[in-house]
Structures are given as structure tokens and as C-alpha cells.
Amino acid sequence: ELKVEQNPLFLSMQEGKNYTIYCNYSTTSDRLYWYRQDPGKSLESLFVLLSNGAVKQEGRLMASLDTKARLSTLHITAAVHDLSATYFCAVAYTGTASKLTFGTGTRLQVTL
Amino acid sequence: DTAVSQTPKYLVTQMGNDKSIKCEQNLGHDTMYWYKQDSKKFLKIMFSYNNKELIINETVPNRFSPKSPDKAHLNLHINSLELGDSAVYFCASSPNQGTEAFFGQGTRLTVV
């Protein structure tokens with residue numbers, strides 16, 4: 001069974017600081033997604049990573065994928081308060097009944 | 001135009017009642033899902049349908065019965081509601097199985 005673990009589960013950081021969220025998964029997969037969820041809201045797709053070594057950047061967020069290490073990272077550069085949200089990675093198991101298995105989520109709080 | 005829409009947004013009901021949640025997507029996707037998000041924000045897949053056919057049923061109690069009248073709709077009917085069913089239920093769709101999923105706004109179900 002595919003397991004997806006994120007760490008940290010909770011992250012409080014000051015504005016202007018950098019930090020990385022890690023997503024480890026247990027089974028071979030070449031598709032990984034990052035989502036953002038604001039409190040009481042739906043999930044918004046941030047990044048789609050489809051191959052080993054893929055790197056995507058949008059504003060202060062950068063995501064990467066290492067399929068050999070079964071690891072994805074979401075790097076935050078010079079955090080701002082607007083980035084406060086819960087971030088999920090989701091991994092697609094490449095099988096006959098593919099589905100997205102979500103990580104535990106990382107709640108990010110950016111303080112002034 | 002809302003891509004994935006589900007109704008109602010909020011649902012408060014008594015134990016033992018039967019309730020339904022409706023979901024529609026206008027993205028032309030083949031695959032639709034129901035996810036459950038518990039109080040700790042953990043997201044777990046319940047069902048997946050591909051072109052109206054049930055693909056995944058993740059050991060969900062028989063009280064939960066999905067129905068897909070066509071590939072743009074996936075409804076969820078819940079019988080004999082229990083306190084433990086309280087959660088946020090998200091409908092999602094994706095072009096194919098295991099590809100990027102787009103989520104509805106969620107239905108917050110509270111069983112009292």
C-alpha cells in the first residue's frame with residue numbers, strides 16, 4: 001500500500017525566512033502533485049511533477065521531484081503571510097486503478 | 001464557471017438519517033472521486049469512478065453508496081448516518097485515473 005509522509009506537520013516561520021517541506025512516499029511513482037488548502041476552503045493545485053528531476057517554480061514556491069529517492073520538496077523562499085495555508089503532496093500510484101494518495105499535510109503559519 | 005461543483009456546502013443532520021451530496025463537473029473529465037477529510041485534515045479516498053464505472057472502493061461502509069448517472073456526475077448517498085461520519089467530503093475529477101485532480105468546494109457534514 002502506498003504511504004505518503006510529509007514533514008513537518010506544522011511549521012511556524014517568520015516572514016522573510018526560507019524553509020523546505022518534505023514529502024516521502026513508499027512505492028514507485030513518477031507523478032506527484034502539490035496542493036494548497038486555505039482554512040475552510042477547497043484544495044488548489046500548485047504543481048504537477050511528472051518526471052525524475054522535475055522542478056517547478058511559482059513565485060516564492062519551488063517544488064522538485066526525485067523519483068529514485070521517492071522524495072519531493074516544496075521550498076519556500078522569503079515567506080510572506082499570504083503563504084499561510086496547509087500544503088499537501090499527493091502521489092499517483094501507477095497501477096490499474098490509479099488514484100491520488102495524499103500526504104498528511106503541512107500546516108504553514110507565517111508570522112509577521 | 002465552476003469546474004467541479006458540489007451541493008450542499010453545509011449539511012447538519014441527526015444520527016440515523018439518510019442524506020445525499022451531489023457533484024457535477026464541467027471539465028469533460030473521465031474520472032471522478034469522493035474524498036473524506038477528517039478533523040485532522042487527513043484526506044482519504046473513498047471512491048473512484050471512471051466513465052461511470054466504479055474503479056476504487058476503499059473499504060468504505062456499505063452505508064455509503066455512490067452513483068454516477070453519467071461521467072459528469074457523481075453523487076454520494078449515505079444511509080443511517082453516524083456521529084463518526086462528520087467530516088468534510090470533497091468531490092474531485094481528473095482527466096484520467098491518477099492524473100491531476102480538481103476539487104469541489106467541499107461539503108461539511110455534521111451529524112448530531
Side-chain angles (χ1 to χ4, degrees), chain A residues 1-11 21 23 25 27-51 54 56 63 65 72 84-109, chain B residues 2-10 21 23 25 27 29-51 53-60 66 74 87-110:
Chain A
E1 181 185 335
L2 177 61
K3 292 186 178 178
V4 184
E5 295 181 344
Q6 286 180 236
N7 70 82
L9 297 183
F10 177 73
L11 175 57
I21 299 171
C23 172
Y25 54 97
T27 306
T28 301
S29 172
D30 57 4
R31 284 176 286 164
L32 189 139
Y33 308 88
W34 282 96
Y35 287 85
R36 168 181 171 146
Q37 185 179 34
D38 291 304
K41 302 291 185 183
S42 184
L43 283 88
E44 173 193 354
S45 179
L46 292 175
F47 298 109
V48 178
L49 303 168
L50 298 178
S51 61
K56 295 275 183 78
L65 177 62
S72 179
S84 298
T86 299
Y87 293 86
F88 292 93
C89 62
V91 180
Y93 168 66
T94 309
T96 54
S98 291
K99 60 184 180 183
L100 293 190
T101 299
F102 279 79
T104 45
T106 296
R107 186 171 148 228
L108 172 65
Q109 186 176 61
Chain B
T2 304
V4 182
S5 60
Q6 53 182 110
T7 56
K9 189 172 180 181
Y10 299 98
I21 308 171
C23 180
Q25 54 98 0
L27 298 167
H29 289 168
D30 285 346
T31 307
M32 295 186 73
Y33 312 87
W34 278 109
Y35 279 86
K36 178 180 180 180
Q37 187 172 44
D38 62 25
S39 57
K40 295 183 179 179
K41 305 295 183 190
F42 187 65
L43 273 158
K44 185 169 171 55
I45 191 166
M46 300 172 68
F47 301 103
S48 170
Y49 271 72
N50 194 60
N51 276 318
E53 183 183 344
L54 178 65
I55 301 297
I56 293 171
N57 180 341
E58 287 283 311
T59 60
V60 177
L74 180 61
V88 181
Y89 292 85
F90 284 100
C91 175
S93 73
S94 62
N96 305 106
Q97 296 176 61
T99 55
E100 184 184 11
F102 295 82
F103 283 78
Q105 72 268 39
T107 296
R108 181 175 292 276
L109 171 65
T110 304

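Throughout, a chain's letter reflects where its sequence line sits, starting with A, and its residues are numbered from 1. Excluded from the calculations below are hydrogen atoms, water molecules and symmetry mates; all remaining heavy atoms, backbone and side chain alike, are included.
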What's the separation between atom [atom1] in [X] and atom [atom2] in [Y], rounded to the nearest 0.5 Å?
X	Y	atom1	atom2	value
A/T101	B/E58	OG1	CD	7.5 Å
A/F88	B/Q37	CZ	CD	5.0 Å
B/E100	A/L32	CD	CG	12.0 Å
A/K41	B/Q105	NZ	CD	10.0 Å

Donor-acceptor pair, A/Y35 side chain versus B/A101 backbone, under 3.5 Å?
->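 Pair found, side chain donor or acceptor close to backbone of B/A101.
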Of the backbone (N, CA, C, O) and the side chain (C-beta and beyond), which part of B/T99 lies under 4.5 Å from a heavy atom of chain A, both, or neither?
-> both
Identify which part of B/I45 has an atom lying under 4.5 Å from any heavy atom of chain A, answering side chain, backbone, both or neither.
->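 Contact with chain A involves the side chain of B/I45 alone.
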Which one, A/G103, A/A90, A/S45, leads in non-hydrogen pairs under 4.5 Å with chain B?
-> A/S45
Using a 4.5 Å cut-off on heavy atoms from C-beta on, say whether the side chain of A/L43 contacts that of B/Y35.
->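 With C-beta onward as the side chain, the pair stays apart.
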side-chain contact (heavy atoms from CB on, under 4.5 Å) between B/F90 and A/Q37, intermediate numbers included = CA-CA 12 Å; B/F90 284 100; A/Q37 185 179 34; 3.5 Å; yes
Between B/G98 and A/A92, what is the shortest heavy-atom contact and its length?
->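 In terms of heavy atoms, the two residues are closest at O-CB, 3.2 Å.
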Sequence neighbours excluded, the answer for side chain to side chain contact (heavy atoms under 4.5 Å, CB included) partners of A/R107 is A/F10, A/T86, A/Q109
